[in-house]
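Structure record follows, encoded as structure tokens.
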Amino acid sequence: MADLVLKNVRKSFGRAHVIHGVDLDIKDGEFIVFVGPSGCGKSTLLRLIAGLEDISSGDLFIGGERVNDLAPAKRGIAMVFQSYALYPHMSVYANMAFGLELAKSSKADIDSKVREAARMLQIENLLDRKPRQLSGGQRQRVAIGRAIVRDPKVFLFDEPLSNLDAALRVQTRIEIAKLHNDTGATMIYVTHDQVEAMTLADRIVVLNAGRIEQVGTPLELYHRPANLFVAGFLGSPQMNFIECVVSHVGAEGVQVQLPNASMLTAPVSSQGVRVGETVTLGIRPDHVKVSPQGSLTGRIELVEELGENHLLYVDFGKGRHLTVREPGDAHHQAGQEVALSLAPEFCHLFRETGEALPFLSESKAPAPSSPDMSSRAA
Amino acid sequence: MSSAVAPATVPAQVPVQGGRSSLTRSRIRAAWVFIAPTLIVLALIAGWPLARTIWFSFTDANLNNLTDYEFIGFENYIANYDGEWLGLLTDPDWWRSVWNTVWFTTISVSIETVLGTIVALILNASFPGRGLMRAVILIPWAIPTVVSAKMWNWMLHDQFGVINDMLLRLGLIAAPITWTANPDTALWTVIMVDVWKTTPFMALLILAALQMLPGDIYEAAKVDGVHPVKVFFRVTLPLIKPALIVAVIFRGLDALRVFDLIYVLTANSRDTASMSVYARQQLVDFQEVGLGSAASTLIFLIIALLIVITMAAGRVRLSGDPR
Amino acid sequence: MKILTRIGFWLLVAAIGLFSIFPFYYAVMSSFRSGADLFKVAYWPERLDFSNYVAVFERQPFGTNIFNSVVVAGSVVALSLALGITAAYAFGRIRFKGRSLLLMTILAVSMFPQVAVLSGMFELIRSFGLYNTLPGLILANLMLTLPFTVWVLTTFMRELPKEIEEAAFVDGATPWIVVRRVFLPLMMPAAVTTGLLAFIVSWNEFLFALTFTLTNEQRTVPPAIALMSGSTAYELPWGTIMAASVIVTLPIIALVLIFQRKIVAGLTAGAVKG
Ligand SMILES: Nc1ncnc2c1ncn2[C@@H]1O[C@H](COP(=O)(O)OP(=O)(O)O)[C@@H](O)[C@H]1O
Ligand SMILES: [Mg+2]
């Protein structure tokens with residue numbers, strides 16, 4: 001069993017507080033991804049789990065055992081570093097064998113484990129090379145191989161793909177997912193790339209400035225962001241945000257007045273919301289449509305063709321913009337006036353604290369899948 | 001993460017529960033184990049001898065018998081016998097050696113700094129054969145001091161020396177000069193040989209600093225049509241000043257303890273004896289361990305004082321961040 | 001104007017080059033002249049006369065002196081590096097209380113005037129029974145090389161990536177294993193640089209060698225050359241001295257020419273970082 005529990009974990013470097021009380025339960029075999037902007041403390045949190053940094057306060061349990069004071073090698077973890085951190089003077093074989101050798105495994109045992117991992121990663125023909133004779137992708141595999149041979153209960157990855165080119169990144173991503181399936185080990189994966197986060201994670205942990213903003217499955221986070229930060233962080237292009245004023249509250253939802261005075265009722269809980277309060281309406285570009293009956297009018301500033309879909313950047317006055325994504329090729333040009341309609345059932349409302357108003361019923365919006373791990377295959 | 005730094009009104013920061021993992025603990029333990037041998041060796045061969053030297057300076061110890069001596073307080077430094085002042089601080093030879101050392105240090109380090117800068121500027125320009133030149137100027141630095149002193153002794157020989165020969169041929173002097181024996185020229189000769197030997201070291205340190213300067217400043221100055229000399233004084237010099245100061249300090253501290261060069265070049269001549277030469281002469285030649293140790297102690301104090309001032313001035317950053 | 005600047009530049013380069021190598025050139029020249037020839041100034045070689053080179057080994061135990069220098073410098077380098085690398089790991093990569101203070105003390109020792117420890121060192125060496133022996137010189141020379149070895153290696157040690165060390169800890173390495181199996185191989189270039197500097201310092205050391213040896217058989221090269229005397233007390237055997245000088249300088253010059261880059265890196269690593 002290798003479930004992880006973090007209880008009010010804090011970390012400061014001297015006077016700089018970097019992690020501000022993180023609580024997190026990670027189940028055995030789960031694939032967890034930490035995302036967040038650069039400098040938010042993702043790596044630090046991972047290094048706390050690895051034991052490479054001291055936990056300033058709070059508790060960390062791995063497999064039910066408190067491991068705050070345990071050396072990294074005794075925590076049953078393996079780590080893949082962003083820079084790969086291969087030993088430059090050792091062959092690929094020696095790199096992978098080093099940990100086992102230190103653990104005093106028998107020669108035969110080491111050999112079979114290294115060769116097995118090399119076979120899995122298809123690097124058998126590279127075993128005699130030195131790291132400097134390898135390409136970036138091959139180094140990455142060796143780094144993963146070095147983790148595999150340790151047979152860890154928990155794999156830790158710190159932005160393992162960020163030094164690879166786009167094609168290799170997709171390929172390696174798929175292999176990591178496969179590795180998760182094959183080993184069944186718990187994996188914690190740090191990235192700032194939301195595609196990696198969405199595709200790999202059983203659950204995503206969104207971090208911001210040393211705090212957890214939200215934890216949930218990728219679709220939960222995408223469809224039901226708990227706050228403005230998560231809503232803005234996940235999804236590309238970014239969710240549109242429009243400041244509005246609450247004009248009416250009722251059982252059917254919260255009615256807001258858009259900047260052009262038209263009304264819109266979002267199906268969200270009105271609990272505690274006052275008429276006249278300023279809220280932020282959030283809607284993804286996919287849920288804004290160009291239609292003659294649209295209530296918001298504006299001028300197209302820019303058209304971006306992406307092939308399978310296209311983006312329109314619409315200015316609707318006072319420097320406010322909306323991004324629209326529609327399928328297929330664009331049949332509008334920059335400079336054209338268009339009317340836009342917002343699908344009310346996809347409108348999120350965020351209060352001034354940034355916190356989202358919960359949706360009233362799950363049936364109106366596409367329900368996020370239940371967090372059933374076994375259904376998520378690679 | 002500036003927002004994470006607790007404002008002054010918050011009384012206490014998040015308590016740090018001394019949570020050191022076993023990795024940190026074992027590394028700190030290892031650190032002490034790893035430095036222990038070095039510390040022990042240095043204590044034995046630097047700390048202890050230094051302490052003994054200072055102790056000897058308060059005794060009448062003699063080199064013939066280092067176990068039999070008496071404590072005599074400050075008498076090696078200064079003492080009054082029947083109204084007559086004696087001791088190191090009253091010895092004109094000592095003061096002569098102090099003056100020689102200070103003079104030698106000031107002049108030679110100044111010349112070396114100026115010449116070193118010029119050589120560094122030249123080596124910083126790109127021309128064919130630059131790598132070879134860099135190696136060539138290292139030669140004087142690498143030649144053992146004793147050997148360079150002997151070479152120069154031979155070149156400066158009053159009757160058969162090549163220097164006198166050259167100067168005579170060029171008509172610059174009328175009669176051969178006894179460079180190292182003549183009190184007027186001896187110290188200057190020492191300075192010249194030191195400049196020959198140590199300018200490369202200065203030049204390389206300054207060159208390293210020059211090479212760290214961003215190239216675009218020069219481009220900008222060139223575009224603006226600023227005269228190169230002006231560029232040097234307005235742009236280059238201020239930028240390499242920190243490195244220059246460090247180099248001057250290192251060289252200065254080194255020059256203050258000069259021994260080999262003077263000892264070999266001019267023997268035990270009073271006209272050129274440095275403090276180190278004086279101390280060794282008392283200690284070994286005259287077997288006066290007490291007096292010699294007193295001189296050694298004073299040299300140590302002078303240099304230690306300068307080191308402390310330097311370090312306090314914070315010119316030399318001593319502890320980078322171990323990452 | 002442009003041409004004049006160019007000519008001036010090259011004249012300056014030539015002057016610096018000439019000034020740097022002329023003394024050594026002249027020493028080589030003189031070493032191949034003997035008898036009355038030696039006392040006539042000459043700028044170009046006329047014929048090769050090896051008698052000085054023969055004399056230096058016949059009239060003195062110069063072979064022994066060279067051997068002594070090699071033993072002393074070699075041992076000093078080995079000891080300094082062995083002690084220095086472990087200490088540099090601690091100073092360069094581990095945060096512990098008193099680190100800066102200790103490092104500062106060690107740097108201060110490297111600026112010690114040698115003469116300040118002379119009488120104490122004399123007593124120490126005598127009491128160990130090492131007076132007029134090579135181990136005595138090795139011990140004394142460590143005082144000169146160990147501090148800067150630690151210092152220079154520490155600056156190099158700081159440059160190594162921290163993730164490699166961390167990967168080793170995850171692999172179960174102890175700090176000792178990290179030093180021995182991971183950093184030692186990576187520090188090899190730095191160790192070569194530092195070792196070269198230590199070798200040159202020890203090879204050139206004079207004051208200790210002069211004071212702590214008594215007989216010519218125990219001397220290293222510098223005091224042997226400094227104390228070379230001829231058949232009469234008044235005239236020094238210049239030809240022999242020049243031959244000896246050339247012999248001991250050639251290997252150093254070879255080292256400098258081969259390892260120029262490494263030496264410069266070592267010299268500047270210790271000094272310019274501030
Ligand atoms: N050893 C350290 N000392 C001081 N500050 C650190 C240290 N390591 C990280 N930090 C700081 O902690 C914050 C979080 O860093 P990190 O966890 O690396 O961010 P991320 O991986 O999310 O980009 C940053 O502001 C960084 O400057
Ligand atoms: Mg990071």
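In this text, all values refer to a predicted model and were calculated from it rather than measured experimentally. Each chain gets a letter, A, B and so on, in the order the sequences are listed, and its residues count up from 1.
Within the 4.5 Å cutoff, the side chain of B/Ser26 has no heavy atoms near those of the C/Thr174 side chain. Side-chain atoms of B/Leu44 and C/Leu124, non-hydrogen and from C-beta on, do get closer than 4.5 Å to each other. Under the 4.5 Å side-chain criterion, counting only non-hydrogen atoms from C-beta, B/Met151 is not in contact with C/Tyr25. Residues C/Leu210 and B/Arg280 form a side-chain contact, since some pair of their non-hydrogen atoms from C-beta on lies under 4.5 Å apart. Contact check for B/Val147 versus C/Pro222: no side-chain heavy atoms found under the 4.5 Å cut-off. Under the 4.5 Å side-chain criterion, counting only non-hydrogen atoms from C-beta, C/Leu83 is in contact with B/Pro37. Using a 4.5 Å heavy-atom threshold, the side chains of C/Pro23 and B/Met155 count as touching.
For a heavy-atom cut-off of 4.5 Å, chain B lies close to C/Val115, C/Ala116, C/Val117, C/Leu118, C/Ser119, C/Gly120, C/Met121, C/Phe122 in residues 115-122 of chain C.
Neither the backbone nor the side chain of B/Arg130 comes within less than 4.5 Å of any heavy atom of chain C. When heavy atoms are compared at a cutoff of 4.5 Å, B/Met166 approaches chain C by way of both its backbone and its side chain. Both the backbone and the side chain of C/Phe112 come within contact range of chain B, judged by heavy atoms closer than 4.5 Å. Proximity to chain B (any heavy atom under 4.5 Å) is shown, for C/Phe24, by both the backbone and the side chain. Of the atoms belonging to C/Leu146, it is side-chain heavy atoms, and not backbone ones, that fall under 4.5 Å from chain B. If you measure heavy-atom distances from C/Val13 to chain B, the contacts under 4.5 Å come from both the backbone and the side chain. Within the 4.5 angstrom heavy-atom criterion, atoms from both the backbone and the side chain of B/Val136 approach chain C. Proximity to chain B (any heavy atom under 4.5 Å) is restricted, for C/Met242, to the side chain, taken from C-beta onward. Looking at B/Ile143, the atoms closer than 4.5 Å to chain C (heavy atoms on both sides) sit in the backbone and in the side chain alike. Interface residue C/Leu139: backbone and side-chain heavy atoms are both found under 4.5 Å from chain B. In this structure, the portion of B/Met133 lying under 4.5 Å from any heavy atom of chain C is its side chain and not its backbone. If you measure heavy-atom distances from B/Trp152 to chain C, the contacts under 4.5 Å come from the side chain alone. Proximity to chain B (any heavy atom under 4.5 Å) is shown, for C/Trp176, by both the backbone and the side chain. Of the two parts of C/Ile241, only the side chain, counted from C-beta on, holds a non-hydrogen atom closer than 4.5 Å to a non-hydrogen atom of chain B. For B/Leu253, the part lying under 4.5 angstrom from a heavy atom of chain C is the side chain only. Of the atoms belonging to C/Leu196, not a single heavy atom falls under 4.5 Å from chain B. Heavy atoms closer than 4.5 Å to chain C are found in both the backbone and the side chain of B/Leu63. With a 4.5 Å cut-off on non-hydrogen atoms, B/Ile45 touches chain C through its backbone and its side chain both. Residue contact with chain B, scored on non-hydrogen atoms closer than 4.5 Å, involves the backbone of C/Ser110 exclusively. At a 4.5 Å heavy-atom cutoff, the contact between C/Leu207 and chain B is made by backbone and side-chain atoms alike. Contact annotation for B/Asn164: neither backbone nor side-chain heavy atoms come within less than 4.5 Å of a heavy atom of chain C. Looking at C/Tyr26, only its side chain comes within 4.5 Å of chain B, counting heavy atoms on both sides. Neither the backbone nor the side chain of C/Val221 comes within contact range of chain B, judged by heavy atoms closer than 4.5 Å. Neither the backbone nor the side chain of B/Val308 has a heavy atom closer than 4.5 Å to any heavy atom of chain C. With a 4.5 Å cut-off on non-hydrogen atoms, C/Ile85 does not touch chain B at all. For B/Ala125, the part sitting under 4.5 Å from any heavy atom of chain C is the side chain, from C-beta outward, and nothing else.
Residue with the most contacts toward chain B among C/Ile21, C/Leu102, C/Val201: C/Leu102 (heavy-atom pairs, distance under 4.5 Å). The candidate from B/Ile118, B/Val33, B/Ile299, B/Leu207 with the greatest count of non-hydrogen atom pairs under 4.5 Å with chain C is B/Ile299. Of the listed residues (B/Thr145, B/Leu138, B/Thr67, B/Thr199), the greatest number of heavy-atom pairs within a distance under 4.5 Å of chain C belongs to B/Leu138. Interface remark: of the candidates C/Ala88, C/Pro147, C/Ala27, C/Ala226, C/Ala226 forms the most heavy-atom pairs closer than 4.5 Å to chain B. Comparing B/Ala61, B/Pro144, B/Ala142, B/Ala247 by how many heavy-atom pairs each has under 4.5 Å with chain C, the most go to B/Pro144. In terms of non-hydrogen atom pairs under 4.5 Å with chain B, the most contact-rich of C/Glu205, C/Met143, C/Glu123 is C/Glu123. Considering only heavy-atom pairs separated by less than 4.5 Å from chain C, the leading option among B/Leu132, B/Ile54, B/Val162, B/Leu50 is B/Val162.
The minimum heavy-atom distance between B/Phe34 and C/Ala90, with the atom names listed, is CB-CB, 4.1 Å. Taking both residues in full, the closest heavy atoms of B/Arg27 and C/Arg93 are given as NH2-O, 2.8 Å, listed atom of the first, atom of the second, then distance.
The distance from atom NE2 of B/His157 to atom OG of C/Ser30, rounded to the nearest 0.5 Å, is 11.5 Å. Separation of atoms CZ (C/Phe22) and CD1 (B/Ile139) is listed at 14.5 Å; rounding is to 0.5 Å. With values rounded to the nearest 0.5 angstrom, B/Ile249 atom CD1 is found 8.5 Å from C/Met111 atom CE. Atom CD1 of B/Ile307 is separated from atom CG of C/Leu107 by 8.0 Å, given to the nearest 0.5 angstrom. The distance from the CZ atom of B/Phe127 to the CZ atom of C/Arg6 is 10.5 Å, given to the nearest 0.5 Å.
Aromatic ring pairs are classed by plane angle as parallel below 30°, tilted from 30° to 60° and perpendicular above 60°; the pair C/Trp238 and B/Trp154 is parallel.
Applying the side-chain hydrogen bond (donor to acceptor under 3.5 Å, both in side chains) definition to pairs two or more places apart or across chains, none involves residues 29-40 of chain B.
Checking side-chain atoms of B/Trp196 against main-chain N and O of C/Phe19 turns up a donor-acceptor pair under 3.5 Å.
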